[in-house]
Amino acid sequence: MPRKGRAVRRKIEADTKFKSTSIQRFINRIMEKGKKSTAQRIVYGAFDVIKEKTNQDPSTIFKKAIKNVSPLVKVKARRIGGSTYQVPIEVGQFEGESLGSRWLIMAARNRSGRTMIDKLSAEILDASNGQGTAVKKREDTHKMAEANKAFAHYRY
């Protein structure tokens, strides 16, 4: 924690195409080495592929995918008396969305396919249907938290 109080969260402008701040944050997370135009091309290209495949609004499918991937609890290692316990901690809405989008991006990058546009669109479609690697990661996190529920009183 900083010495001078809480860090101020910067306001992120909405993206140009869908006027959504969550899509803009997703673009920023995909971005590597400051190449925002490349990240925008990937995300908007994936949304175009989703539009072709489903004939639905890609922003609603994206929101549903993020909702399906965002965790409600996570485990945090806590050292007490020489032992390390995995303590389940509730996740706030902003942190849950952040973790979910990171898992979605990692799952898309590890997926086999031709281009990042194809891999990302397939992973978003899978996540919106409740399938895929990112949804499995969320379920595994919830199972871990459920298994370690006995250590919840060590929460801080």
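This one's a predicted model, so the numbers in the text were calculated from it and none came from an experiment. Every heavy atom of this structure was used, including side-chain atoms; hydrogens, water molecules and symmetry mates were not.
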- Query: Atom CD in E123, atom CE in M116: separation rounded to 0.5 Å?
  - Reply: 9.5 Å
- So CG of D118 and CZ of R111: to nearest 0.5 Å the spacing works out to 10.0 Å
- Heavy-atom pair with the smallest gap, counting every atom of T84 and A77: CG2-CB, 4.0 Å
- Task: With sequence neighbours excluded, tell me which residues meet ring-ring contact (aromatic ring centres under 6.0 Å, His included) with Y44.
- Result: none
- Item | Heavy-atom closest pair, residues P71 and L99 | CG-CD1, 3.9 Å
- Task: Indicate whether any N or O donor in one side chain lies under 3.5 Å from an N or O acceptor in the other, for R41 and S37.
- Result: no
- Indicate the atoms forming the closest heavy-atom contact of K19 with T16, along with that distance. NZ-O, 2.7 Å
- Message: Quick check for you: to the nearest 0.5 Å, what is the distance between N129 atom CG and T54 atom OG1?
- Response: 9.5 Å
- Query: Among the clusters formed by ILVMFWY side chains lying less than 4.5 Å apart, do L125 and I105 turn up in the same one?
  - Reply: yes
- Item | Derivation of the side chain to side chain contact (heavy atoms under 4.5 Å, CB included) call for T133 and N110 | CA-CA 9 Å; T133 311; N110 294 333; over 6 Å; no
- Item | Nearest-0.5 Å distance that lies between atom NZ in K53 and atom CD1 in I50 | 8.5 Å
- Message: To check you understand the geometry: which heavy-atom pair defines the closest contact between P88 and N148, and what is its length?
- Response: CD-O, 3.2 Å
- Message: Taking D48 first and then K17, would you say they form a salt bridge - that is, a charged N and a carboxylate O separated by under 4.0 Å?
- Response: yes
- Message: In this structure, would M31 and F18 fall into the same cluster of hydrophobic residues linked by side-chain contacts under 4.5 Å?
- Response: no
- Student check: side-chain heavy atoms of S22 and E97 closer than 4.5 Å: yes
- Is the backbone of A127 close enough, under 3.5 Å, to the side chain of N68 for a donor and an acceptor to pair up by distance? yes
- Task: Grab the two heavy atoms, one from R29 and one from R109, that are nearest each other, plus how far apart they are.
- Result: O-NH2, 4.3 Å
- Does the side chain of I30 come within less than 4.5 Å of L120's, by heavy atoms? yes
- If you round to the nearest 0.5 Å, how far is OG1 of T38 from NZ of K33? 11.5 Å
- Does D15 reach the main-chain N or O of S20 with its side chain, forming a donor-acceptor pair under 3.5 Å? yes
- Item | Heavy-atom donor-acceptor pair, R138 side chain to S70 backbone, under 3.5 Å | yes
- Do the side chains of I80 and Y85 get nearer than 4.5 Å, heavy atoms only? yes
- Message: More than 12 heavy atoms of other residues, nucleotides or ligands under 6.0 Å from CD of E90: yes or no?
- Response: no
If you look only at distance, which donor and acceptor atoms sit under 3.5 Å apart when one is on a side chain in residues 57-67 and the other is two or more places apart or in another chain?
from : atom 1 : to  : atom 2 : distance (Å)
D57  : OD2    : S59 : OG     : 2.5
T60  : OG1    : D57 : O      : 2.7

- Query: Do you know which two heavy atoms are closest between I12 and T21, and how far apart they sit?
  - Reply: O-CG2, 3.5 Å
- dist H142:NE2 -> L72:CG (nearest 0.5 Å) comes out at 4.5 Å
